[in-house]
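All values below come from the heavy atoms of this structure, side chains included, with hydrogens, waters and symmetry mates left out.
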Amino acid sequence: MRKSKVIITLVSAAIAFTAIPAISITSANADSSVPASCQKGALKTITANTLTIATDNPVYEPWFVKNDPTSAKGFEAAVAYGTAIFLGFNPENVKWVRTPFDAVIQPGKKKFDFAINEFSITKDRAKVVDFSAPYYDVTQAIVTTKGSKIAGVTTIAGLKNAKIGAAVSSTSYQTVVNVIKPKSAPAVFNTNDDAVQALKNKQIDGLVVDLPTAFYVANAQLTNGIIVGQFSGSGKPEQFGLVLSKNSPITSCVSKAVNAYKATGAIKTLEDTYLSSAGAPVLK
């Protein structure tokens, strides 16, 4: 697709979302394009001329604001709409469906075009679903409360005797098992909200979540919450990607759209707006 068409599409979306950071992309930033074969009308979407996007219910800040993906506010909500824009879909052509996290990463044909909900790209998951090009590099972190037995810990070894919790089927759980390797079995929870409540009740000493969520948990959900630290990735960092049905006919196009969107610098602007990596020392 010619650059001029990208500019027109982005400007039309900006009219609808003038308050949304990085959705209002100017012609000066629109220096990447997606081919016409990857545009609305040419794409084999679930519903013709509509882009159906899935996410969980509820979803949380800083990824979404007030559990409303249609507002385009929050890092992932904005990324979803930005990707849609590069595929030729205006906001009114986007439909959201609520789908549980575990259901998205299970085998089988999906009832959505792509899903967004902090899905880490892993080899095991990629056996049964497709992933787009990554839109965010992330580390894991551990949260606790002031005065807990791990509040002053500065090393991974210092966490060995702690009772650590994480959400089921999450990369956070894998971090507990493979990186922290605590002496006692980790506590597993259906949702982060359940895990946060367990931390409040002192049933666990710490909770492992991705770093942006750690800031939200520590600052908004806990009284006297603190981030003990983050876990440095070795080699390639953990990355979030959009999830599609295995062998989806639009996977390549969605990846092109994500990469084109990233090339504008807009996703970095979203990171600066909604996410933070400051104040979390690296545990070694």
Trainee: Please enumerate all residues that pass salt bridge (charged side-chain N to carboxylate O under 4.0 Å, His left out) together with Asp56, with sequence neighbours excluded.
Mentor: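 Partners of Asp56 by the salt bridge (charged side-chain N to carboxylate O under 4.0 Å, His left out) criterion come out as none, since no residue qualifies.
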
Trainee: Mind checking whether Phe240 and Tyr136 have ring centres under 6.0 Å apart?
Mentor: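 Yes, they do, as the ring centres are separated by less than 6.0 Å.
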
Trainee: Which residues satisfy the ring-ring contact (aromatic ring centres under 6.0 Å, His included) test with Phe101, sequence neighbours excluded?
Mentor: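 Phe101 satisfies ring-ring contact (aromatic ring centres under 6.0 Å, His included) with Phe119 only.
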
Trainee: Please step through side chain to side chain contact (heavy atoms under 4.5 Å, CB included) for the pair Val282 and Phe231, ending with a clear verdict.
Mentor: CA-CA 6 Å; Val282 175; Phe231 302 93; over 6 Å; no

Trainee: Other than Val188, what residues sit in its cluster of Ile, Leu, Val, Met, Phe, Trp and Tyr side chains whose heavy atoms are under 4.5 Å apart, directly or through others?
Mentor: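 Taking Ile, Leu, Val, Met, Phe, Trp and Tyr as members, Val188 shares its hydrophobic cluster with Val168, Tyr173, Val177.
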
Trainee: For Gln140, which of Gln230, Gln174, Glu238 qualifies under side-chain hydrogen bond (donor to acceptor under 3.5 Å, both in side chains)?
Mentor: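 The single option meeting the side-chain hydrogen bond (donor to acceptor under 3.5 Å, both in side chains) with Gln140 is Glu238.
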
Trainee: Can you name the salt bridge (charged side-chain N to carboxylate O under 4.0 Å, His left out) partners of Lys183, sequence neighbours left out?
Mentor: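 Residues passing salt bridge (charged side-chain N to carboxylate O under 4.0 Å, His left out) with Lys183: none at all.
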
Trainee: Mind checking side chain to side chain contact (heavy atoms under 4.5 Å, CB included) for Asn201 and listing every partner two or more places apart, or none if nothing turns up?
Mentor: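 Expected list: Gln197, Gln203.
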
Trainee: Can you tell me if Lys181 has over 12 outside heavy atoms packed within less than 6.0 Å of its NZ?
Mentor: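 Counting neighbours around NZ of Lys181, 12 or fewer heavy atoms of other residues, nucleotides or ligands fall under 6.0 Å, so no.
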
Trainee: For Asn49, give me all partners under side chain to side chain contact (heavy atoms under 4.5 Å, CB included), at least two apart in sequence or on another chain.
Mentor: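 Partners of Asn49 by the side chain to side chain contact (heavy atoms under 4.5 Å, CB included) criterion, ordered by chain and then number, come out as Lys40.
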
Trainee: State which residues pass side chain to side chain contact (heavy atoms under 4.5 Å, CB included) with Gln106; sequence neighbours excluded, sorted by chain then number.
Mentor: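 If we apply the side chain to side chain contact (heavy atoms under 4.5 Å, CB included) test to Gln106, skipping adjacent residues, there are no hits.
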
Trainee: Can you run down the disulfide (SG to SG under 2.5 Å) pairs that involve residues 34-123, sequence neighbours left out, and say none if there aren't any?
Mentor: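 Residue pairs with at least one partner in residues 34-123: Cys38-Cys253.
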
Trainee: Any salt bridge (charged side-chain N to carboxylate O under 4.0 Å, His left out) involving residues 93-113? Give me the pairs, sequence neighbours left out, ordered by first then second residue.
Mentor: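 Residue pairs with at least one partner in residues 93-113: there are none.
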
Trainee: So, using salt bridge (charged side-chain N to carboxylate O under 4.0 Å, His left out) as the criterion, who are the partners of Asp194 when residues are at least two apart?
Mentor: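 Result, salt bridge (charged side-chain N to carboxylate O under 4.0 Å, His left out) vs Asp194: none returned.
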
Trainee: Decide yes or no on side chain to side chain contact (heavy atoms under 4.5 Å, CB included) for Leu283 and Leu159, but give the supporting numbers first.
Mentor: CA-CA 10 Å; Leu283 300 175; Leu159 301 171; 4.0 Å; yes

Trainee: Can you name the closest pair of heavy atoms from Ala162 and Pro182 and give their distance?
Mentor: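 In this case the closest contact between Ala162 and Pro182 is O-CB, 3.9 Å.
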
Trainee: Return all side-chain donor-acceptor pairs below 3.5 angstrom for residues 205-222, not counting sequence neighbours, or 'none' if the list is empty.
Mentor:
{"from": "Asp205", "atom 1": "OD2", "to": "Lys163", "atom 2": "N", "distance (Å)": "2.7"}
{"from": "Asp210", "atom 1": "OD1", "to": "Thr213", "atom 2": "N", "distance (Å)": "3.0"}
{"from": "Asp210", "atom 1": "OD1", "to": "Thr213", "atom 2": "OG1", "distance (Å)": "3.0"}
{"from": "Asp210", "atom 1": "OD2", "to": "Thr213", "atom 2": "OG1", "distance (Å)": "3.2"}
{"from": "Thr213", "atom 1": "OG1", "to": "Trp63", "atom 2": "NE1", "distance (Å)": "3.0"}
{"from": "Asn219", "atom 1": "ND2", "to": "Phe215", "atom 2": "O", "distance (Å)": "3.0"}
{"from": "Gln221", "atom 1": "NE2", "to": "Asp193", "atom 2": "OD1", "distance (Å)": "3.1"}

Trainee: I'd like a table of donor-acceptor pairs (distance under 3.5 Å, sequence neighbours excluded) in which one partner is a side-chain atom from residues 125-135, with atom names and distances.
Mentor:
{"from": "Arg125", "atom 1": "NH1", "to": "Ser120", "atom 2": "O", "distance (Å)": "2.9"}
{"from": "Arg125", "atom 1": "NH2", "to": "Ser169", "atom 2": "O", "distance (Å)": "2.9"}
{"from": "Asp130", "atom 1": "OD1", "to": "Asn247", "atom 2": "N", "distance (Å)": "3.2"}
{"from": "Asp130", "atom 1": "OD2", "to": "Asn247", "atom 2": "N", "distance (Å)": "3.0"}
{"from": "Asp130", "atom 1": "OD2", "to": "Ser248", "atom 2": "N", "distance (Å)": "3.1"}
{"from": "Asp130", "atom 1": "OD2", "to": "Thr251", "atom 2": "OG1", "distance (Å)": "2.8"}
{"from": "Ser132", "atom 1": "OG", "to": "Leu242", "atom 2": "N", "distance (Å)": "2.9"}
{"from": "Tyr135", "atom 1": "OH", "to": "Glu76", "atom 2": "OE2", "distance (Å)": "2.4"}

